Trainee: 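My questions will all concern the structure given below.
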Amino acid sequence: MFLLSLILKAATTAIIVVAASLVAERSRPFIAALVLALPVSTGPAYVLLALDHDAAFIADAALSSLAGNVAIVPAALAYAFLARRGAGLAAAYAGMLAAWLAGVLAVRAFDWTILSALVLNLVVFAAAVAVTWSWRRGERPPAMRRRWYDVPLRAAIVVTVVVGVILVSERVGPAATGLAALFPASFSSFILLMHRRLGGPAVAAAFINGMTMIFGFTGYLLVMHLFALRGEVWTGMALGLAIPLAWSALLLMFNRVRAP
């Protein structure tokens, strides 16, 4: 029964992420980032965790995720730096993973409060946006023919992440689970599939744009943590999801208004 439950949970999450990535690959970098930055992998992972754990576990995991959210910044910077300089897929992706892991380990070394985690997010994301502002432009991806392994590869990446998070949650505390849930599965699938087809600079533009959108994810984690402290996990998840959606909609409106 545990194995069947695990398969069903992973399959459900894979469908959500694959659908989002299909939309993302047909859009220009800004729109692709808008979709990829939504909690399409972390959100379902937390839903599955909430089915197996109590509110206290979710609250602690969400606080850990709130602090660890900034690890996406060194990951994006590393990938963009390498991809814009012509690095191959293996080197650029390995650099992204190494930078993300280094960011996670750095965050793991400290004990975080709500206030300190929020300040960390504000400072890190603001600095990243300022540093990478000139990297954000990119052309709309050309029409491309789908290959047979595209969807299976996306699904395999997401299933691996979800299964890993669930198994980790059974063996370690909420802090490690919260960090594991943040693995950038949607960006990973986009990079692995699109780096050679669109070119590193185009994919890097989507990733860099995504950092602005991911800041809205901070609100999702904060609301989920606060409501979980009150024992209202599902309410927190529902209300928290509205924040990154509203943030992305606001950025989309702003982008359209200032576009020529």
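All of these numbers come straight from a predicted model, not from anything done at the bench.
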Trainee: Can you tell me how far CD1 of Ile72 sits from CE of Met96, rounded to the nearest 0.5 angstrom?
Mentor: 7.0 Å
Trainee: For Phe125, what residues pass the ring-ring contact (aromatic ring centres under 6.0 Å, His included) criterion, not counting sequence neighbours?
Mentor: Phe215
Trainee: Verify the cluster assignment for Leu66 and Val123: are they in a single hydrophobic cluster under the rule of side-chain heavy atoms below 4.5 Å apart?
Mentor: no
Trainee: What is the distance from atom NE2 of His225 to atom OG of Ser65, rounded to the nearest 0.5 Å?
Mentor: 11.0 Å
Trainee: Mind checking the CE-CZ spacing from Met237 to Phe227? Nearest 0.5 Å is all I need.
Mentor: 13.0 Å
Trainee: Taking all heavy atoms of Val107 and all of Trp112, pick out the closest pair and write down the distance.
Mentor: O-NE1, 2.8 Å
Trainee: With heavy-atom distances below 4.5 Å as the criterion, would you say the side chains of Val203 and Tyr79 are in contact?
Mentor: yes
Trainee: Measuring from atom CG of Asp60 to atom CG of Asp54, what distance do you get when rounded to the nearest 0.5 angstrom?
Mentor: 9.0 Å
Trainee: Enumerate the residue pairs fulfilling side-chain hydrogen bond (donor to acceptor under 3.5 Å, both in side chains) with a member in residues 115-131, sequence neighbours excluded, ordered by first and then second residue.
Mentor: Asn69-Asn121, Thr113-Ser116, Asn121-Thr218
Trainee: Go through it in stages, so that I can follow the logic: the residues are Ile208 and Val129, the test is side-chain contact (heavy atoms from CB on, under 4.5 Å), and I'd like the CA-CA distance, side-chain angles, deciding distance and then a yes or no.
Mentor: CA-CA 8 Å; Ile208 291 298; Val129 168; over 6 Å; no
Trainee: Provide the closest heavy-atom pair for Gly68 versus Leu182 in the form atom of the first, atom of the second, distance.
Mentor: C-CD1, 3.3 Å
Trainee: Check the orientation of Phe183 and Trp100. Use parallel for under 30°, tilted for 30 to 60°, and perpendicular for over 60°.
Mentor: perpendicular
Trainee: How far apart are the closest heavy atoms of Ile191 and Tyr93, and which atoms are they?
Mentor: CG2-CD1, 4.0 Å
Trainee: Locate the shortest heavy-atom distance separating Ala55 from Gly231; write the atom from each residue and the value.
Mentor: CB-CA, 3.8 Å
Trainee: What is the distance from atom CG of Leu105 to atom CG of Leu179, rounded to the nearest 0.5 Å?
Mentor: 9.0 Å
Trainee: Is the positively charged end of Arg85 above the ring of Phe81, judged by distance under 6.0 angstrom from the centroid and angle within 45° of the axis?
Mentor: yes
Trainee: Does Tyr46 have its ring centroid less than 6.0 Å away from the ring centroid of His53?
Mentor: no
Trainee: Does Leu239 belong to the same Ile/Leu/Val/Met/Phe/Trp/Tyr cluster as Leu229, with side-chain heavy atoms less than 4.5 Å apart forming each link?
Mentor: no
Trainee: Could you tell me the separation between the CG atom of Leu101 and the CG atom of Leu97, rounded to the nearest 0.5 Å?
Mentor: 8.5 Å
Trainee: Following the transitive rule for hydrophobic clusters with a side-chain heavy-atom cut-off under 4.5 Å over Ile, Leu, Val, Met, Phe, Trp and Tyr, establish whether Met253 and Ile243 coincide in one cluster.
Mentor: no
Trainee: Indicate the atoms forming the closest heavy-atom contact of Pro201 with Ala83, along with that distance.
Mentor: CD-O, 3.8 Å
Trainee: Testing the basics here: between Ala87 and Ala91, what is the closest heavy-atom pair and its distance to 0.1 Å?
Mentor: CB-CB, 4.4 Å
Trainee: Should Val119 and Leu222 be counted in the same cluster of Ile, Leu, Val, Met, Phe, Trp and Tyr side chains packed under 4.5 Å apart?
Mentor: no
Trainee: When clusters are formed by joining ILVMFWY residues with side-chain heavy atoms under 4.5 Å apart, either directly or through shared neighbours, do Trp234 and Phe57 land in the same one?
Mentor: yes
